[in-house]
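Let me begin by presenting the structure, written as structure tokens, before commenting on it.
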Amino acid sequence: MQQPIVGFHQDEERHWVAELACGHNQHVRHKPPWVCRPWVTTVAGRQGRLGMGLECLKCDRGEPADRP
Ligand SMILES: [Zn+2]
């Protein structure tokens, strides 16, 4: 299910995590050469993704929300 991004934070390992409108969190790692998301490493890049949709597998699986 596509869910819009409403914010970002970093986890304890400093990986970026997208906060989705559904209440789920999803890692948006930048780990070249396997996963290349250079936009996630800059403020402007992250702000530019706000409101864009990410496929939320947790919604598809009916998992409880990660955030209140
Ligand atoms: Zn979700």
Side-chain angles (χ1 to χ4, degrees):
M1 185 184 300
Q2 286 271 327
Q3 294 286 352
I5 300 173
V6 296
F8 292 92
H9 66 264
Q10 280 179 299
D11 69 8
E12 57 281 355
E13 294 176 352
R14 296 178 59 82
H15 292 302
W16 282 100
V17 179
E19 301 167 357
L20 304 179
C22 55
H24 289 130
N25 296 334
Q26 185 170 136
H27 274 99
V28 280
R29 290 187 176 86
H30 177 53
K31 271 187 130 182
W34 302 281
V35 186
C36 265
R37 293 192 182 100
W39 56 268
V40 84
T41 62
T42 67
V43 174
R46 290 190 299 278
Q47 285 183 341
R49 297 293 168 127
L50 289 177
M52 291 185 63
L54 271 186
E55 197 63 35
C56 187
L57 296 177
K58 293 178 180 176
C59 275
D60 293 340
R61 293 196 294 254
E63 294 187 14
D66 295 316
R67 309 189 313 280

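No experiment lies behind these values; they were computed from the predicted model shown. Worth knowing before you read on, the calculation uses all heavy atoms, side chains too, and leaves out hydrogens, waters and symmetry mates. Counting starts at 1 for both ligands and their atoms, following the listed order.
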Subject >> Qualifying salt bridge (Lys or Arg N to Asp or Glu O under 4.0 Å) pairs, either residue in residues 28-57, two or more places apart >> reply: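 Counting only pairs at least two positions apart or across chains, no salt bridge (Lys or Arg N to Asp or Glu O under 4.0 Å) contact touches residues 28-57.
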
**OP:** Go through the steps to decide whether I5 and L54 satisfy the test side-chain contact (heavy atoms from CB on, under 4.5 Å), and finish with yes or no.
**Re:** CA-CA 7 Å; I5 300 173; L54 271 186; 4.0 Å; yes

Original post:
Around the Zn ion (ligand 1), how many protein N, O or S atoms are closer than 2.8 Å?
Top reply: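 Count of protein N, O, S atoms less than 2.8 Å from the Zn ion (ligand 1): 4.
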
**OP:** Please test C59 against Q3 for side-chain contact (heavy atoms from CB on, under 4.5 Å), starting from the C-alpha separation and ending with a verdict.
**Re:** CA-CA 9 Å; C59 275; Q3 294 286 352; 3.6 Å; yes

**OP:** Show the numbers, then the answer: is there a side-chain hydrogen bond (donor to acceptor under 3.5 Å, both in side chains) between H9 and E19?
**Re:** CA-CA 8 Å; H9 66 264; E19 301 167 357; 2.6 Å; yes

**OP:** Could you pull out all residues at least two apart from E12 that satisfy side-chain contact (heavy atoms from CB on, under 4.5 Å)?
**Re:**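 By the side-chain contact (heavy atoms from CB on, under 4.5 Å) rule, E12 matches no residue at all.
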
Which atom pairs, donor and acceptor, lie under 3.5 Å between side-chain atoms of residues 61-68 and protein residues at least two apart or in another chain?
unit_1: R61; atom_1: NE; unit_2: E63; atom_2: OE2; d: 2.6
unit_1: R61; atom_1: NH2; unit_2: E63; atom_2: OE2; d: 3.0
unit_1: D66; atom_1: OD2; unit_2: N25; atom_2: N; d: 2.7
unit_1: D66; atom_1: OD2; unit_2: K58; atom_2: NZ; d: 2.8
unit_1: R67; atom_1: NH1; unit_2: H24; atom_2: O; d: 3.1
unit_1: R67; atom_1: NH1; unit_2: N25; atom_2: OD1; d: 2.9
unit_1: R67; atom_1: NH2; unit_2: L20; atom_2: O; d: 2.9

